There are 2 protein chains.
Amino acid sequence: MTVTLADVAARARVSPATVSRVLNGNYPVAAATRERVLRAVEELDYVLNGTASSLAAATSDLVGVLVHDIADPFFGIMASAAQHAIGEGGSGRAGGEKLAVVCNTGGSPERELTYLTLLQRQRAAAVILMGGGLEDPVHLDATAAKLARMAEAGTRVVLCGRPPVPGDAHTAALVFDNRTGGRLLAEHLLGLGHRRIGYAAGPADRTTTRHRLDGHRQALAAAGVPEGPTTHGPYDRVSGHAAVAELFARDPDLTAIVAANDTVALGVCAALRERGLTIPGDVSVAGFDDLPFSVDAVPALTTVHLPLHGSGTRAGRLAMGTEEPPADGTVPVPCTLVVRDSTAPPRA
Amino acid sequence: MTVTLADVAARARVSPATVSRVLNGNYPVAAATRERVLRAVEELDYVLNGTASSLAAATSDLVGVLVHDIADPFFGIMASAAQHAIGEGGSGRAGGEKLAVVCNTGGSPERELTYLTLLQRQRAAAVILMGGGLEDPVHLDATAAKLARMAEAGTRVVLCGRPPVPGDAHTAALVFDNRTGGRLLAEHLLGLGHRRIGYAAGPADRTTTRHRLDGHRQALAAAGVPEGPTTHGPYDRVSGHAAVAELFARDPDLTAIVAANDTVALGVCAALRERGLTIPGDVSVAGFDDLPFSVDAVPALTTVHLPLHGSGTRAGRLAMGTEEPPADGTVPVPCTLVVRDSTAPPRA
DNA sequence: TTGAAAGCGATACCAA
DNA sequence: TTGGTATCGCTTTCAA
């Protein structure tokens, strides 16, 4: 039926061991022999059985990239960058390619664990978890335990955008400075004279949500400005759209709104337009992420820039072992303010 | 070291065979025995070795979803829908879950083949190829051959958004009616009175590009309107942005521009804004795909709607075998016009 | 209902 | 430089 390594060996009149060596290129093989083997491979149209190979070698070239929402360009860009970095590594076994695959958790911790188990079953070479983590201690523990096991078993674990697991020396973590990001955004608006600022936040139980809010509040407190209304919701457009109604209900005189991320900001903008409000001018909008499409969608948007491409690439490198993590496993990633245009001061 | 099925068997005082049967739930096992086994699994914190299991069973629960560009929400949405459909199937071996993974080809046919090989090595249960195909006969043949082999080996193959492989009865294909889409868009603009229409097309060698252009030209011809300038480029924002300069260079009096997809349309809009042109009004813009964010970005955009979610879901079902393809393997998917607002007639 | 044992297809150690 | 072969961990007949 299917062509096996043994078939190739027979055709090339060598032992299976030799064929394996030719395919993996890890041991010296006489040029003539190698030729013969390769010809046989060609003629028989042989395809290595990755399953068997992984079993025997006790390693695989699967690398899992877990993201919250694959339809969100934020994760798409991160994942894309990671995949590039991983593909370039190019020195795996049998073909020199790692299979970087993206798994969509939909933000559900259960699905996250399920995917981790599946990857654990496959003895994945590495796993990258992208995006903020849950703050629920139960899930945190479950995830930490699973990751620790995988790390023990030789799987490289990389966190990107979520805090490191305390006490775990095995996992590298790219940590976004969300607090500073939140602070920068608020300070910018305060500097323009805004005093009534609404905040459309992310899900209440995510690390990113809390950290960003922390920074925001810190800036307000430092300026002695009272905190405006805050809403919570998922990181999507609908959430931003809904937030606007509630924020204005709680304070009709808002002059600025901070959105949890660019996608939420788009929803906010849509809602503002429906209300006949101009952006900026009537209301200034600010958000996180700095996605490419925001430039066209909301030219007046002020954002905090997360180095998506850079972080994705580094996550990929860490997963490949191409880049060594610092001793404590934590790689800090700064957030920088992007004032793209003319975020306006509040109307008189 | 790692806990194996044998360890579990020993602890539960049964044979490995029995443990396997309990885990897979495919054979009758006495309730008491099953209890004992499950307890042992729990106590030892046993994790099935998917590699070994796949090897022995000659099947895997990996499902590959190949997309051109994971950073493009179009593919993100499609992939997300497919993953949902696949995850719901829930009757695989050992845990009842398929591992749907997304592979980013970057539009490169080489990488597409590489990923296919990798999935072939893993004996993937199914493969979904999303997005238009290349028209280059060499790559077409190579791809077709590879897909045929995989299908023979038991992998289910689903094409989504690209034409079926002629003569291949094994692969199901969701075929978007891009020609009609192109026609609808042009007819809409013509109906408003536009006579000088530019076209920012996709890569010259893709099926989607040609089919959409075909429909466009068909409509123009039927109306006796001469074809305007056309540019070609990748399906991204930069491409749309660059197209504007060239289109106007070739015809300064354009009143409307059709973009190859929504992402390109965003680039077009950005460029138009830079030129101080209003959309619509000075220029009307139309595009394909109908992505959610376009609503906020370009409220005046007229698009052809491809049922992204629906197609993704059906692709997933076909991959799972939950939905049976028609006899000829082709599932037609209609394109419908979405006039979201006030696409304007040309200025007098 | 359960057990024994023969593979599944490659890898890698030990010899030659 | 090459060959023989035990092993990887699980699935699946075939018997009991």
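Fair warning: this is a prediction, and the values are worked out from it, not measured in the lab. Letters A, B, ... are given to chains in the order of the sequence lines, protein chains preceding strands, and every chain is numbered from 1.
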With respect to Val19(A), which candidate in Leu48(A), Asp7(A), Val14(A) satisfies the side chain to side chain contact (heavy atoms under 4.5 Å, CB included) definition? Val14(A)

What's the closest nucleotide to the side chain of [X] if the choices are [options]?
X: Ala52(A); options: dG9(C), dT1(C), dT11(C); result: dG9(C)
X: Ala57(B); options: dT2(D), dT11(C), dT12(D); result: dT12(D)
X: Ser20(A); options: dT1(D), dT11(C), dT1(C); result: dT11(C)

Using only atom types and a distance under 3.5 Å, with no angle test, would you say the side chain of Thr105(A) pairs donor to acceptor with the backbone of Arg111(A)?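 No, because the side chain of Thr105(A) does not come within donor-acceptor range (under 3.5 Å) of the backbone of Arg111(A).
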
Rounded distance in Å - [atom1] ([X]) to [atom2] ([N]):
X: Leu5(A); N: dT5(D); atom1: CG; atom2: C1'; result: 14 Å
X: Gln122(B); N: dC8(C); atom1: CD; atom2: C1'; result: 15 Å
X: Asn49(B); N: dC8(C); atom1: CG; atom2: P; result: 18 Å
X: Arg123(A); N: dG9(D); atom1: CZ; atom2: P; result: 8 Å
X: Asn26(B); N: dT1(C); atom1: CG; atom2: P; result: 14 Å
X: Tyr27(B); N: dT12(D); atom1: OH; atom2: C1'; result: 6 Å
X: Leu55(B); N: dT11(D); atom1: CG; atom2: C1'; result: 10 Å
X: Asp7(B); N: dC10(D); atom1: CG; atom2: C1'; result: 13 Å

Side-chain contact test, heavy atoms from C-beta onward, threshold under 4.5 Å: evaluate it for Leu99(B) versus Cys103(A) and give yes or no. yes

Walking DNA chain C from its 5' end, the first of Tyr46(A) and Ser15(B) to be reached, judged by nearest nucleotide, is Ser15(B)

Touch check for [X], heavy atoms < 4.0 angstrom, all strands: base, sugar-phosphate only, or nothing?
X: Thr33(A); answer: sugar-phosphate
X: Thr4(B); answer: sugar-phosphate
X: Ala17(A); answer: base
X: Val14(B); answer: sugar-phosphate
X: Arg34(A); answer: nothing
X: Val19(B); answer: nothing

Tell me yes or no: between the side chains of Thr117(A) and Thr114(A), is some donor less than 3.5 Å from an acceptor? no

Value rounded to 0.5 Å, distance of OG1 in Thr143(B) from CZ in Arg162(B): 7.0 Å

Donor/acceptor link under 3.5 angstrom from Arg21(B) side chain onto base of dG3(C): yes

Carboxylate-amine/guanidinium contact Arg121(A) Asp61(B), below 4.0 Å: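 Salt bridge between Arg121(A) and Asp61(B), a charged N being under 4.0 Å from a carboxylate O: no.
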
Of Pro16(A) and Val29(A), whose nearest nucleotide on DNA chain D comes first from the 5' end?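 So the residue in question is Val29(A).
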
Taking 4.0 Å as the cut-off, does a side-chain nitrogen or oxygen of Ser53(A) come that near to OP1 or OP2 on dT11(C)?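 Answer yes for this pair, as a side-chain N or O of Ser53(A) is under 4.0 Å from OP1 or OP2.
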
